[in-house]
Amino acid sequence: MLTLSAVVPCYNEEDSLSELVRRLQAVCVSEAGDSYEIVLVDDGSTDRTWAWMNVLSTRNPHLVIVKMSRNHGHQLALSAGLSVARGARIFILDADLQDPPELLPKMMKLCDDGADVVYGQRTDRSGETWFKRITSKGFYRVLEQLVDVDMPLDTGDFRLITRRVLDLVLAMPERERFFRGMVAWIGLRQVPLEYVRDARFAGETKYPLSKMLGLAASAVTGFSIRPLRIATYLGLITATLALGMLVYALTSWVMYDAVSGWTSLMIVVLFLGAVQLVVLGVMGEYIGRNFLESKQRPNFIIEQVRHQGDARSVDATGAKQSQNIHLL
Ligand code: UDP
Ligand code: MG
């Protein structure tokens, strides 16, 4: 088994690739000598990312390049990369060099000391826009409130994990994959490593607000049924309020000639309507998720895996969890 695999999901990252491989390779060599691989996953890029990967990999025996059949999104591209990784330890980072590869030695050291997961925790994100910082701060705080699993704050997917953690994650069959949550759920020995998140090396963020909201929804629905409970509480609160209104309406009907009341009626109708829609929406999220899981489609499709210009079969790459992998 190789000592180390680095797994990098890439979506339209043509300008970062060579710098990424250069810096990553330098730390891999220092930590693992010759016994490492760099798995680059092209998540259906529309630029020349795949062409570049091929150019780089023909002259570099340490590169394994994986092409997804289409854009599957960051989390699934990562899962695909992990499923072909063969190392005893797996280093996960973004292609844009926001997470410095140079932290690998410190992470390896913590693993040597017995950690199963060393996750990068961001102390400073001054390289990013204020909008990104505020939304992601909010995201991690809300997540903390809603999710039952103890998920570390301000922690992305940048981390080093051991083979046994990876095998446990790969054995989880769910479709909606929120990787850092699945890892947190496993437990074992997980330790943080604080770092400063740099600005992107090149290109722009591939996580617009819509994708962030999607990630947030999948994180919450995947790890907690607390929103359903909140829906119940909302129902109870409105029922109590309605009871008060009932008493008020009845007494005013008995004691006075009650004709007025258009305003209060409107408020009640609008309020109840809104609460019902919210609750229905929350339930819909869970039902929808259930529907997607019940279809049991493969999580992703890998079109090809290449190593030094040759196609590799999935078995040759040691792929796990055959139901997730369908090589065309
Ligand atoms: N990414 C991907 N598929 C996507 C979107 C993003 O593989 O559909 C990759 C992207 O190339 C990068 C990583 O996921 O390596 C994180 O994305 P990005 O840097 O855009 O997110 P941010 O750092 O802004 O949160
Ligand atoms: Mg980034």
Side-chain angles (χ1 to χ4, degrees), residues 6-24 38-53 56 63-85 90-101 103 119-140 143 153-159 175-181 195-219 299-303 305:
V7 176
V8 192
C10 310
Y11 179 55
N12 292 347
E13 304 281 5
E14 57 180 5
D15 297 326
S16 307
L17 277 183
S18 3
E19 180 67 7
L20 168 80
V21 171
R22 190 184 66 74
R23 279 174 60 183
L24 191 53
I38 297 177
V39 179
L40 299 174
V41 183
D42 172 25
D43 186 20
S45 298
T46 51
D47 65 358
R48 283 163 303 170
T49 297
W50 179 244
W52 257 116
M53 284 182 183
L56 292 171
L63 289 190
V64 174
I65 58 175
V66 177
K67 186 173 175 25
M68 306 295 286
S69 63
R70 62 171 168 80
N71 179 248
H72 281 69
H74 174 215
Q75 296 291 310
L76 290 179
L78 175 60
S79 294
L82 291 173
S83 69
V84 303
I90 299 93
F91 184 42
I92 298 159
L93 69 167
D94 285 353
D96 55 10
L97 292 166
Q98 284 195 283
D99 312 318
L103 288 180
Y119 55 87
Q121 195 157 34
R122 304 152 181 172
T123 50
D124 176 19
R125 310 178 58 147
S126 42
E128 293 177 288
T129 63
W130 63 267
F131 179 72
K132 179 91 195 178
R133 292 209 299 267
I134 290 181
T135 45
S136 62
K137 257 221 143 53
F139 167 64
Y140 290 114
L143 198 62
L153 289 173
D154 300 318
T155 299
D157 292 322
F158 179 44
R159 56 189 62 215
R175 246 190 79 81
E176 206 61 54
R177 298 185 89 75
F178 184 58
F179 180 71
R180 62 199 86 155
Y195 76 108
V196 174
R197 194 160 209 232
D198 294 334
R200 256 182 169 272
F201 175 73
E204 55 193 33
T205 178
K206 313 298 180 317
Y207 261 100
L209 186 61
S210 55
K211 273 197 192 170
M212 280 198 272
L213 288 175
L215 187 73
S218 108
N299 284 338
F300 49 77
I301 312 254
I302 293 177
E303 188 176 331
V305 178

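Both counts, for ligands and for their atoms, begin at 1 and track the order of listing.
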To which protein heavy atom is atom 17 (O) of ligand 1 closest, and what is the distance rounded to 0.1 Å?
Tyr207 CD1, 3.8 Å

Considering heavy atoms of the protein only, find what lies nearest to atom 3 (N) of ligand 1 and give residue, atom and distance to 0.1 Å.
Asp43 OD2, 2.6 Å

Numbering as shown, the atoms of ligand 1 that approach Glu13 to under 4.0 Å (heavy-atom distance)
10 (C), 11 (O), 12 (C), 15 (O)

In this structure, atom 5 (C) of ligand 1 is nearest to the protein heavy atom Lys206 CB, 3.5 Å

Can you check whether Gly44's main-chain N or O pairs, donor with acceptor, with Asn71's side chain at less than 3.5 Å?
no

Less than 4.5 Å apart, any side-chain heavy atom of Phe201 and any of Asp15?
no

In the structure I gave you, are the side-chain heavy atoms of Leu20 and Ile38 within less than 4.5 Å of one another anywhere?
no

Got a sec: is Asp94 within less than 2.8 Å of the Mg ion (ligand 2) via an N/O/S atom?
no

Numbering as shown, the atoms of ligand 1 that approach Cys10 to under 4.0 Å (heavy-atom distance)
7 (O), 11 (O)

Would the distance check show the side chain of Asn12 and the main-chain N or O of Ser45 forming a donor-acceptor pair, the cut-off being under 3.5 Å?
no

Starting from atom 24 (O) of ligand 1, what is the nearest protein heavy atom, named by residue and atom, and what distance separates them?
Thr205 OG1, 2.5 Å

Strictly distance-based, threshold 3.5 Å: is any side-chain N or O of Gln75 a donor or acceptor partner for the main-chain N or O of Phe179?
yes

From Arg23 CZ over to Ser16 OG, what is the distance, rounded to the nearest 0.5 angstrom?
10.5 Å

Give the atoms of ligand 1, by number and element, whose distance to some non-hydrogen atom of Ala95 is under 4.0 Å.
15 (O)

Only heavy atoms of Lys211, strictly under 4.0 Å: list the atoms of ligand 1 that pass.
4 (C), 5 (C), 8 (O)

Donor-acceptor pair, side chain of Asp96 and main chain of Gln98, under 3.5 angstrom:
yes

Distance check, rounded to the nearest 0.5 Å: Tyr11 atom OH versus Asp42 atom CG?
10.0 Å

Looking at Asp96, the N/O/S atom that lies nearest to the Mg ion (ligand 2) is called OD2

Show me which atoms of ligand 1 lie under 4.0 Å from any heavy atom of Gln98.
19 (O), 22 (P), 23 (O)

Over 60° means perpendicular and under 30° means parallel, so classify the ring planes of Phe91 and Phe158, tilted if in between.
tilted

How close does the nearest protein non-hydrogen atom get to atom 16 (C) of ligand 1, and which residue and atom is it?
Asp94 OD2, 3.3 Å

Arg197 neighbourhood, listing ligand 1 atoms whose heavy-atom distance to it stays under 4.0 Å
23 (O)

protein heavy-atom neighbour closest to atom 14 (O) of ligand 1 works out as His74 CD2, 3.2 Å

